[in-house]
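Notes for the one structure printed next.
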Amino acid sequence: MATDASELSKGGLSLGFAKLFFLLAGYAVSIALTRLVPPGTFGDYTVVSQIIAIPNMVLIQTLLFAVSRPMSAEYDAGLPSYDDLRRRGFRLAGLLGGLVAVVFILGADPLATYALKDPSLAGALRVVGIIPLIYAAYAVNVGTLNAVRKFQFQAGLDIFMAMTKTTLIIGAAAMGFGLAEILGGFTFASLLALGLSILFVSRCRPRTAGSGNGPLPAMAEFTGLLLVFTAGVNLLQALDLVLLKQFAVSQAQKDAVGFYSSANLVARVPYSMMNAVSLVMFPLIATMHAQSDRSQVQRYVTATAKVSVFLLCFMSSVGAGAAAEVQRLLFPAAYGEAAGELRLLVWGMSGYSLTVTAAWIFNSTRRSQLALLLIAVPLVVVGAAGFVLVPQSFTSGAATAVAIGGAAGAVASLIALARSLGAALSPVYLLKLLAAVALVEAASRAFAPTGKILIIVKLALLAAVFLGAAAVTRAVTPAELRELRKKRAP
């Protein structure tokens with residue numbers, strides 16, 4: 001069952017568009033809430049959202065890839081274990097999702113009181129507590145679509161989820177409801193997305209799929225490691241906000257958490273965009289690895305790493321160079337206080353993104369322990385730096401901790417890819433990117449526009465500076481991008 005290159009290319013574009021749409025929808029929610037609710041409420045919304053996102057994303061990523069990896073390995077054989085793998089996935093979903101939901105619903109009071117130092121958040125935690133169970137079942141369906149290469153349907157679910165979540169949350173805030181009701185929009189949107197995923201999977205069932213007669217591909221050990229891995233990934237993204245909430249005592253500090261949250265969301269652009277790379281890359285590398293094609297894995301990973309670093313430097317340099325303008329463009333004037341934090345966060349989050357992308361590469365080649373160790377590097381660094389810097393410098397300390405942790409993760413990732421898979425990036429290539437970043441930084445200081453149109457013009461000019469420098473130095477050529485797009489599993 002060969003995978004057509006054009007199908008994979010379209011799938012990658014579909015997932016990339018869906019991630020962009022999901023990202024823009026998330027920012028639409030944040031931008032709207034900064035205008036509809038007080039900064040303190042917006043900060044609470046962000047903190048609760050990040051806390052529930054940890055188990056949500058742990059479950060959805062764990063179960064998605066726990067189903068996708070063994071199913072992808074059987075793709076060319078006609079998916080003989082299709083039904084049994086889905087049944088096993090749903091059993092895991094019920095067990096893990098149900099356990100997490102019970103913990104959140106029954107433990108909302110102690111979690112709000114002792115972990116967040118704010119008993120008023122208990123109601124909001126209960127409202128979102130059922131989402132982990134819904135997401136767990138949803139993840140089995142998304143993993144199935146991913147394994148059978150139905151990337152367009154997978155992208156459609158992302159878009160539908162984003163649309164319904166945005167509409168319901170903004171609608172609740174516009175009608176003057178409180179935090180719990182606003183978050184209730186998220187809960188209802190997840191139920192609707194689950195229903196649509198059931199319809200998509202039933203439509204996309206391969207004709208050759210079956211229950212199989214032999215032993216099922218291993219899942220239990222991989223699932224256990226993946227649970228720990230995805231917990232680390234999502235804790236990494238939320239740790240700075242959790243630390244800030246721990247030390248936020250005065251109203252001014254609570255408002256500062258809200259301002260910081262806006263910069264944190266903007267800084268996630270590179271991270272979120274690179275998720276599409278992992279989603280397309282995972283089943284391809286899993287199939288190549290199952291066929292013991294080490295040379296093709298090495299070539300594909302090298303090309304992926306090169307383009308990933310290029311895109312991250314591009315997005316981060318532009319975002320950091322125009323940090324103050326971006327804050328003014330997207331949020332009310334008071335949120336401009338977080339511009340300095342955004343300059344640090346956008347680079348730190350890019351380091352996270354490279355680390356997570358590399359870790360998923362190792363997961364797809366059955367090196368899950370190495371993937372886990374890789375994620376532990378920035379997690380430990382951010383935790384240690386945050387406990388030292390946040391009490392002293394509060395939001396700027398949190399942003400500095402993220403930047404340090406991202407840098408540590410990026411360096412560890414490049415070393416691990418080079419030593420384990422032979423996917424090394426040349427020092428000359430990295431110097432070319434560094435030169436482009438330096439030119440963007442210099443250009444960003446040339447003028448400071450105030451009007452929204454001029455801010456957009458500045459962003460476009462900074463992007464042109466980076467791309468122009470990359471073109472002159474031939475950091476990444478059009479031929480290399482076309483070659484990466486054409487890669488396929490044999």
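Heavy-atom basis, side chains included; hydrogens, waters and symmetry copies ignored.
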Look up atom [atom1] in [X] and atom [atom2] in [Y], then write down how far apart they are to the nearest 0.5 Å.
X: Leu145; Y: Ser197; atom1: CG; atom2: OG; result: 7.5 Å
X: Tyr45; Y: Ser30; atom1: OH; atom2: OG; result: 6.0 Å
X: Leu354; Y: Leu417; atom1: CG; atom2: CG; result: 7.5 Å
X: Ile54; Y: Gln237; atom1: CD1; atom2: CD; result: 9.0 Å
X: Phe394; Y: Leu244; atom1: CZ; atom2: CG; result: 5.0 Å
X: Leu85; Y: Thr144; atom1: CG; atom2: OG1; result: 8.5 Å

So, does [X] use its side chain to make a donor-acceptor pair with the main chain of [Y] at under 3.5 Å?
X: Asn234; Y: Thr230; result: yes
X: Arg149; Y: Ala147; result: yes
X: Ser316; Y: Cys313; result: no
X: Asn56; Y: Ile52; result: yes
X: Lys165; Y: Ser190; result: no
X: Gln50; Y: Val242; result: no
X: Ser353; Y: Met349; result: no

Is any side-chain heavy atom of Leu311 closer than 4.5 Å to a side-chain heavy atom of Pro270?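 Side-chain contact under 4.5 Å: no.
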Determine, for Lys245 against Asp44, whether the closest basic-nitrogen to carboxylate-oxygen distance falls under 4.0 angstrom.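 Yes.
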Any chance the rings of Phe310 and Phe466 have centres within less than 6.0 Å?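 Centroid separation for Phe310 and Phe466: below 6.0 Å.
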Centroid-centroid under 6.0 Å between Phe259 and Tyr335 rings: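 They qualify: ring centres under 6.0 Å apart.
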Begin from the C-alpha positions of Arg367 and Ser420 and carry the test side-chain hydrogen bond (donor to acceptor under 3.5 Å, both in side chains) through to its verdict. CA-CA 10 Å; Arg367 293 177 174 88; Ser420 297; 5.2 Å; no
Option passing side-chain contact (heavy atoms from CB on, under 4.5 Å) with Val318 (candidates Leu459, Val465, Val437): Leu459
Assess the residue pair Ser317 and Glu441 against the criterion (side-chain hydrogen bond (donor to acceptor under 3.5 Å, both in side chains)); give the C-alpha distance rounded to whole Å, side-chain angles, the decisive distance to 0.1 Å, and a yes or no. CA-CA 7 Å; Ser317 61; Glu441 182 63 25; over 6 Å; no
Can you see whether Gln327 engages Ser262 through a side-chain donor-acceptor pair at a distance of less than 3.5 angstrom?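 Side chains of Gln327 and Ser262: pair found under 3.5 Å.
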Is the ring pair Trp360/Phe65 parallel, tilted or perpendicular, if the boundaries are 30 and 60 degrees? tilted
Do Lys306 and Tyr429 meet the cation-pi criteria used here (NZ or CZ under 6.0 Å from the six-membered ring centre, within 45° of the axis)?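 Yes.
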Passing candidate, side-chain hydrogen bond (donor to acceptor under 3.5 Å, both in side chains) with Tyr260, options Asp240, Thr46, Thr395: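 The single option meeting the side-chain hydrogen bond (donor to acceptor under 3.5 Å, both in side chains) with Tyr260 is Asp240.
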Verify side-chain hydrogen bond (donor to acceptor under 3.5 Å, both in side chains) between Thr357 and Ser308, making sure each step is shown before the conclusion. CA-CA 9 Å; Thr357 299; Ser308 296; 5.3 Å; no
How far apart are the C-alpha atoms of Asn141 and Phe90, what are their side-chain angles, what is the distance that settles it, and do they pass the side-chain contact (heavy atoms from CB on, under 4.5 Å) test? CA-CA 9 Å; Asn141 289 336; Phe90 281 121; 3.4 Å; yes
